[in-house]
**Q** 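Structure provided below as structure tokens; questions to follow.
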Amino acid sequence: MKQNLCTVVSNVEVMPDIHLMWIKTPNIACSVLPGQFITVRCGDFTLRRPFSVHQASPLMGEDSGEGEIALLFKVTGKGTLWLSERQTGEGIDILGPLGEGFSIAPTKSGQSKHLLLVAGGIGIAPLVLLMQYASSQHQITLIHGASTANQLYPSALPKIGPSSAGKKRSKLSPLPTGVQFIPVTEDGSMGKKGMATDILPDFLDWADQVYACGPLEMYEAMAEMSLPALSIAEGRSNLKLRKCQVSLEVRMGCGFGACYGCTINTNQGLKQVCRDGPVFELDDIIWQEVRI
Ligand code: FES
């Protein structure tokens with residue numbers, strides 16, 4: 001974990017109220033793992049705001065001095081509004097990388113070849129970095145659910161790559177080649193009509209590991225699906241969903257385990273989302289007690 005004064009490389013509104021910001025921060029880019037997050041000091045606000053890392057370039061390796069990370073964030077309050085107004089060349093104060101991210105079983109063990117990723121809305125943010133890491137060795141299906149088509153992961157993003165990567169890289173899609181993309185919208189304006197969790201069970205027999213990031217309601221629906229009694233009653237293979245990693249987004253104070261402001265109750269006892277997570281096993285969390 002390091003505190004860095006970093007430079008904004010680009011900041012573009014890629015969907016309504018959703019910004020993609022590339023930030024030059026070599027020592028975070030070379031060390032961040034999928035599912036980890038950073039905190040940003042937003043103007044004069046006392047509390048730093050947490051953001052999952054959306055992309056990194058280059059991926060983990062040597063600090064070339066040129067590394068960048070991307071944040072994909074929604075403007076939801078004064079802190080994110082401040083961040084959305086930052087211009088290219090401005091400096092921002094970042095702390096990270098923080099927390100425990102996703103774990104991927106090696107393909108050698110034969111346990112994890114097919115990865116199913118489930119995103120609800122802006123929950124797509126950390127799953128793109130996970131795809132960047134895993135796509136060379138795993139087959140990936142991504143279900144992205146949103147309220148309407150213009151909230152789905154946009155085709156505009158491929159044109160806004162990291163500056164250091166040059167023209168060729170900037171044209172690449174942030175969804176790695178070979179990823180099967182399944183859009184779902186509540187109003188049916190693109191892809192299947194409904195919620196991501198409506199079609200999730202169709203892929204469980206295929207998936208070796210499941211990863212999810214989205215709103216609390218999505219997790220609650222998934223937690224219900226993972227109950228053995230329900231799975232048997234419905235004749236589904238939902239027991240696989242019990243081995244699902246979810247990324248929690250909760251209000252944070254310090255971001256590194258000092259204030260206990262992000263404590264949740266789990267089957268393993270009290271845990272701090274910022275230090276023990278933000279990634280947890282779906283069936284470890286006592287969902288009735290989670291407040292986001
Ligand atoms: Fe302070 Fe997690 S935010 S302990």
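The basis for the numbers below is simple: all heavy atoms, side chains too, and nothing from hydrogens, waters or symmetry mates. We count ligands from 1, going down the list as the structure has it; atoms in each ligand are counted the same way.
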**Q** Sequence neighbours excluded, which residues qualify as side chain to side chain contact (heavy atoms under 4.5 Å, CB included) partners of Ala146?
**A** Gln151, Leu152
**Q** For the atom pair OG1 (Thr39) and CG (Leu95), what is the distance rounded to the nearest 0.5 Å?
**A** 4.0 Å
**Q** Can you list the protein N, O or S atoms less than 2.8 Å from atom 1 (Fe) of ligand 1?
**A** Cys254 SG, Cys259 SG
**Q** Against the six-membered ring of Phe45, is Arg49 placed for a cation-pi contact (under 6.0 Å from the centre, within 45° of the normal)?
**A** yes
**Q** Looking at Ile69, Ile94, Leu71, which hits side-chain contact (heavy atoms from CB on, under 4.5 Å) with Phe51?
**A** Leu71
**Q** If you apply the rule salt bridge (charged side-chain N to carboxylate O under 4.0 Å, His left out), what do you find for Lys193 with Asp198, and how did you get there?
**A** CA-CA 9 Å; Lys193 183 173 182 177; Asp198 294 339; over 6 Å; no
**Q** Begin from the C-alpha positions of Trp287 and Tyr219 and carry the test ring pair (Phe, Tyr, Trp, His ring centres under 6.0 Å) through to its verdict.
**A** CA-CA 8 Å; Trp287 291 101; Tyr219 294 145; 5.2 Å; yes
